[in-house]
S.K.: 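Sending over a structure as structure tokens; questions will come in a sec.
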Amino acid sequence: MKRYKKLSALVLAVVMTSSLAGCGSGDKQSASASDIDALVSEYGFQWEDPTKPIVNEKGSQEISFNIYSSKNASALDYNDMKIMQDLYDQTGVKVNWENVSESVYSQQKSLIFGNSENRPDAIYHAGMDSGEIIKYAKRKVLLPISDYLDYMPNLKKLLEERPDIKNQLLNVEDGKIYSLPRIEEMGLLEFPNLLFLNAQWAKDAINAGAVTGLSESDVQDGLTLTADQMEQILAYFRDNDMNGNGKSDDERPLSFVYNNWQGNQCDLYGMFGLNDNLEHRVVVDGKVTYTVTDDRFKEATNYIASWVDNGLIDKVSFEQSQDNFLAGGKGLETYGAFYWWESETVVSNPEDYIVCSPLIGPNGDQTICVSNNPEIGTGEVVVFADCKYPEILLAYFDRYYDPLISAQINYGPVGVVYEEELDDSGMLVQKPLPEGVTADELRLQNAPLGIINLGEYAWNNVVNMEPRAKLRLERLDQVARPYVDAKVTPCPNLQFTLEELNTLGNYESNMNDYIRTNLIAWLMKGGVTDSDWEAFQNDLNGKVKLPEIQQVYQDAYDRYISQ
């Protein structure tokens with residue numbers, strides 16, 4: 001068995017680069033050579049060797065950074081987190097964290113940026129969109145991080161190897177980078193909806209002769225159902241006391257959480273060959289496409305509305321919160337089928353449920369929908385321009401992009417979440433969970449999340465995925481990826497010009513509200529008539545300005561793929 005510290009040196013040496021040549025973008029040096037020489041001579045500043053501190057003891061005593069961050073209510077104060085204390089021991093860089101709730105941050109955000117006399121050095125979990133970055137970059141409030149890449153060998157190497165990530169960070173107005181990204185590439189986020197079916201209930205329906213073309217032996221993971229078969233199964237669930245409690249009205253045939261980021265209604269539209277998502281926007285063969293302009297969307301909406309009208313889809317699905325949905329799955333079984341990320345978080349007895357392939361629609365279409373949930377998060381951390389020692393702070397943040405550190409930032413530290421001994425492959429492995437504590441609870445308490453780099457290299461060489469993540473990847477390989485049109489891709493993080501942002505600001509919110517209002521009315525009230533659909537299309541192309549919005553996304557996408 002290998003020791004953690006030994007691997008730390010090896011992995012850091014592999015993933016970092018010691019090249020100190022220009023950052024390749026033509027950016028000016030962040031500070032004069034004499035300024036850097038002063039930091040080196042007085043505070044021992046160094047960024048080349050990942051096994052050594054960034055500053056010496058004097059630097060630890062005389063330099064500190066104030067970082068403002070929201071945090072999950074379950075999390076420890078970041079000052080008390082073991083991973084942050086470990087980072088101080090490794091780097092010598094002292095950070096004072098000011099933690100607030102997410103709601104407090106949203107209320108104070110504009111005040112922080114507007115108070116030039118009393119800003120922190122940086123904001124972690126900043127949640128900055130491209131418009132905010134352009135605004136504050138123009139006002140010289142934000143530090144241009146791309147001017148400092150020489151002191152960030154991990155991030156610099158990553159951006160050189162992954163221009164697609166760099167293109168998602170560049171400010172269109174001046175070509176600079178003003179925020180640090182979060183990169184967690186597992187191939188999970190594109191497919192936030194999987195269809196789970198109560199296996200025993202389905203077998204009961206089959207044995208009762210309620211379902212055509214199926215035998216009991218067919219009911220196993222990967223089951224493919226036609227829309228007609230699913231309708232027959234759901235009708236049986238609706239009409240019978242499936243959970244045996246003497247009531248036939250507490251079963252919920254098909255459930256989801258309407259317009260939630262996971263476990264939503266979108267995959268039902270896949271029955272009609274549509275790659276729908278919450279934005280109704282997807283890239284098809286290089287063209288930004290809106291599903292709501294397709295006549296198949298009308299057909300699908302009417303079909304789904306008939307399931308709602310007939311009690312096959314629980315109407316609560318359109319009103320409930322995620323928390324209520326999850327609470328409803330515990331204890332006595334009431335869910336016949338549901339859409340969610342994984343069955344294990346929804347129901348008390350996940351072994352009673354199978355995962356199904358996408359439903360085959362009445363016209364023979366079978367598609368799983370692709371979301372725009374990004375695995376590359378932009379705007380996660382920003383540094384203010386008046387930070388006194390930005391080279392040191394950014395060299396410190398750069399350590400977060402080492403996969404060994406990233407794993408602990410994302411899941412929790414060695415000694416708490418991970419074993420101190422590596423496994424036989426030299427990789428971090430999770431400790432057994434403490435009794436009575438879930439993986440989510442342990443993670444949220446001990447991991448700050450935020451800026452990381454966990455991709456193919458990390459999963460193959462540094463850290464073992466959580467067992468539940470491995471299980472989900474297996475499920476996606478079986479029932480999701482084979483059913484995605486090769487021409488369809490998610491819409492990536494795009495950067496916009498000020499003019500484009502103005503167009504989106506003027507029209508997009510109104511368009512989204514218009515679509516949302518009409519769609520839920522149609523689904524809950526029996527569908528959409530031909531005349532209402534025609535009026536809807538006229539409004540989209542007229543007063544709602546969908547063509548103008550679509551053109552903004554297309555122009556931004558064309559820039560993204562051409563860089």
S.K.: Can you tell me how far the CZ atom of Phe384 sits from the CG atom of Asn66, to the nearest 0.5 Å?
M.R.: 12.0 Å
S.K.: Would you call Ser179 and Glu380 a side-chain contact if the rule is heavy atoms closer than 4.5 Å?
M.R.: no
S.K.: Taking atom CG of Leu498 and atom CD1 of Ile134, what is their separation to the nearest 0.5 Å?
M.R.: 4.5 Å
S.K.: Measure the NZ-OG distance between Lys166 and Ser146 for me, rounded to the nearest 0.5 Å.
M.R.: 8.0 Å
S.K.: Going through the checks in order, is the side-chain hydrogen bond (donor to acceptor under 3.5 Å, both in side chains) test met by Asn171 and Asp174?
M.R.: CA-CA 6 Å; Asn171 176 6; Asp174 62 11; 3.3 Å; yes
S.K.: For this output row, return yes or no: ring centroids of Tyr335 and Phe325 closer than 6.0 angstrom.
M.R.: yes
S.K.: Could you walk me through whether Tyr148 and Val383 satisfy the side-chain contact (heavy atoms from CB on, under 4.5 Å) test, starting with their C-alpha distance in whole Å, then the side-chain angles of each, then the deciding distance to 0.1 Å, before giving a yes or no?
M.R.: CA-CA 11 Å; Tyr148 294 79; Val383 178; over 6 Å; no
S.K.: Between Arg182 and Glu184, does any NZ, NE, NH1 or NH2 come within less than 4.0 Å of an OD or OE carboxylate oxygen?
M.R.: yes
S.K.: Apply side-chain contact (heavy atoms from CB on, under 4.5 Å) to Arg281 and Tyr553, showing your working.
M.R.: CA-CA 10 Å; Arg281 183 182 68 246; Tyr553 278 99; 3.5 Å; yes
S.K.: Determine whether a donor-acceptor pair (N or O, by modelled atom type, separation under 3.5 Å) exists between the side chain of Ser357 and the backbone of Gly222.
M.R.: yes
S.K.: State, with a plain yes or no, whether a side-chain heavy atom of Tyr483 is found less than 4.5 Å away from one of Phe191.
M.R.: no
S.K.: Ignoring hydrogens and geometry, is there a side-chain-to-backbone donor-acceptor pair from Trp47 to Leu394 under 3.5 Å?
M.R.: no
S.K.: Is Arg119 positioned over the aromatic face of Phe113, cation under 6.0 angstrom from the ring centre and no more than 45 degrees off axis?
M.R.: no
S.K.: I want to check something: taking the side chain as every heavy atom from C-beta on, are Lys287 and Gln554 in contact at a cut-off of under 4.5 Å?
M.R.: yes
S.K.: Report the C-alpha distance between Tyr136 and Tyr178 in whole Å, list the side-chain angles of each, state the deciding distance to 0.1 Å, and finish with yes or no for ring-ring contact (aromatic ring centres under 6.0 Å, His included).
M.R.: CA-CA 10 Å; Tyr136 291 115; Tyr178 289 90; over 10 Å; no
S.K.: Quick one: do Val488 and Thr289 satisfy side-chain contact (heavy atoms from CB on, under 4.5 Å)? Show the steps, please.
M.R.: CA-CA 10 Å; Val488 173; Thr289 304; over 6 Å; no
S.K.: Using 30° and 60° as the class boundaries, would you call the ring planes of Phe397 and Tyr400 parallel, tilted or perpendicular?
M.R.: perpendicular
S.K.: Short question: side chain of Asp402, backbone of Ile405 - any donor-acceptor pair under 3.5 Å?
M.R.: yes
S.K.: Using only atom types and a distance under 3.5 Å, with no angle test, would you say the side chain of Asn464 pairs donor to acceptor with the backbone of Leu428?
M.R.: yes
S.K.: Could you check whether any side-chain N or O of Lys82 sits under 3.5 Å from a backbone N or O of Val414, counting only pairs where one atom can act as donor and the other as acceptor?
M.R.: yes
S.K.: Starting at CG of Leu158, measure out to CE of Met152 and round the result to the nearest 0.5 Å.
M.R.: 10.5 Å
S.K.: Taking it one step at a time, do Arg481 and Glu190 satisfy salt bridge (charged side-chain N to carboxylate O under 4.0 Å, His left out)?
M.R.: CA-CA 10 Å; Arg481 291 193 176 88; Glu190 284 185 25; over 6 Å; no
S.K.: Step by step, would you call Asn453 with Asn154 a side-chain hydrogen bond (donor to acceptor under 3.5 Å, both in side chains)?
M.R.: CA-CA 9 Å; Asn453 178 25; Asn154 275 327; over 6 Å; no
S.K.: Under 4.5 Å between any side-chain heavy atoms of Asp555 and Phe496, yes or no?
M.R.: no
S.K.: Please identify which of these residues, Phe256, Phe196, Trp261, meets the ring pair (Phe, Tyr, Trp, His ring centres under 6.0 Å) condition with Trp341.
M.R.: Trp261
S.K.: Kindly check if the number of other-residue, nucleotide or ligand heavy atoms within 6.0 Å of OH (Tyr514) is above 12?
M.R.: yes
S.K.: What's the separation between atom CD in Glu98 and atom OG in Ser69, rounded to the nearest 0.5 Å?
M.R.: 10.0 Å
S.K.: Establish, yes or no, whether a centroid distance under 6.0 Å links the rings of Tyr68 and Tyr124.
M.R.: no
S.K.: Yes or no on ring-ring contact (aromatic ring centres under 6.0 Å, His included) for Phe536 and Trp522, after CA distance, side-chain angles and deciding distance?
M.R.: CA-CA 12 Å; Phe536 178 72; Trp522 296 336; 4.9 Å; yes
S.K.: Using modelled atom types only, decide if a donor and an acceptor are shared between the side chain of Asn99 and the backbone of Tyr78 within a distance under 3.5 Å.
M.R.: yes
S.K.: Any donor and acceptor pair, going by atom type alone, linking the side chain of Asp398 with main-chain N or O of Leu155 inside 3.5 Å?
M.R.: yes
S.K.: Say you draw a straight line from NZ of Lys470 to CZ of Arg475; how long is it, rounded to the nearest 0.5 Å?
M.R.: 15.0 Å
S.K.: Between Gln322 and Val257 (side chain of the first, backbone of the second, donor and acceptor by atom type, cut-off under 3.5 Å), is there such a pair?
M.R.: no
S.K.: How close do Ile368 and Ala480 get, heavy atom to heavy atom, and via which atoms?
M.R.: CG2-O, 3.2 Å
S.K.: Show your working on side-chain hydrogen bond (donor to acceptor under 3.5 Å, both in side chains) between Asn72 and Ser74 and close with a plain yes or no.
M.R.: CA-CA 5 Å; Asn72 185 279; Ser74 301; 3.3 Å; yes
S.K.: When you check the side-chain N and O atoms of Asn264 and Asn193, is any donor under 3.5 Å from an acceptor?
M.R.: yes
S.K.: Go through it in stages, so that I can follow the logic: the residues are Glu185 and Arg162, the test is salt bridge (charged side-chain N to carboxylate O under 4.0 Å, His left out), and I'd like the CA-CA distance, side-chain angles, deciding distance and then a yes or no.
M.R.: CA-CA 13 Å; Glu185 297 179 302; Arg162 293 288 303 275; 2.8 Å; yes
S.K.: When you check the gap from the basic side-chain N to the acidic O, do Arg559 and Glu500 get nearer than 4.0 Å?
M.R.: yes
S.K.: Check this for me, if you would: do Lys298 and Asp295 make a salt bridge, where the nitrogen-to-carboxylate-oxygen distance has to be below 4.0 angstrom?
M.R.: no
S.K.: Begin from the C-alpha positions of Asp276 and Thr291 and carry the test side-chain hydrogen bond (donor to acceptor under 3.5 Å, both in side chains) through to its verdict.
M.R.: CA-CA 6 Å; Asp276 195 33; Thr291 55; 2.7 Å; yes
S.K.: Under 3.5 Å, side chain of Asp121 to main-chain N/O of Phe65, donor-acceptor pair present?
M.R.: no
S.K.: Do Asp440 and Thr438 get their side chains close enough for a donor-acceptor pair, meaning under 3.5 Å?
M.R.: no
S.K.: Report yes or no: does Gln262 contribute a side-chain atom to a donor-acceptor pair with the main-chain N or O of Trp340 at less than 3.5 Å?
M.R.: no
S.K.: Are Tyr105 and Ile123 packed together at the side-chain level, in the sense that at least one heavy-atom pair is separated by less than 4.5 angstrom?
M.R.: yes
S.K.: List the steps and the verdict of side-chain contact (heavy atoms from CB on, under 4.5 Å) for Ile360 and Thr224.
M.R.: CA-CA 7 Å; Ile360 298 176; Thr224 295; 3.5 Å; yes
S.K.: Looking only at side-chain N and O atoms, does Asp365 offer a donor or acceptor that is under 3.5 Å from a partner on Thr367?
M.R.: no
S.K.: So do the side chains of Pro413 and Tyr418 get within less than 4.5 Å of each other, counting heavy atoms only?
M.R.: no
S.K.: Please tell me if the side chains of Tyr258 and Ile520 come closer than 4.5 Å, counting only heavy atoms from C-beta onward.
M.R.: yes
S.K.: Between Leu442 and Val416, which heavy-atom pair has the shortest distance, and what is it?
M.R.: CD2-O, 4.2 Å
S.K.: Does any part of the side chain of Arg399, heavy atoms only, come nearer than 4.5 Å to the side chain of Thr91, both counted from C-beta?
M.R.: yes
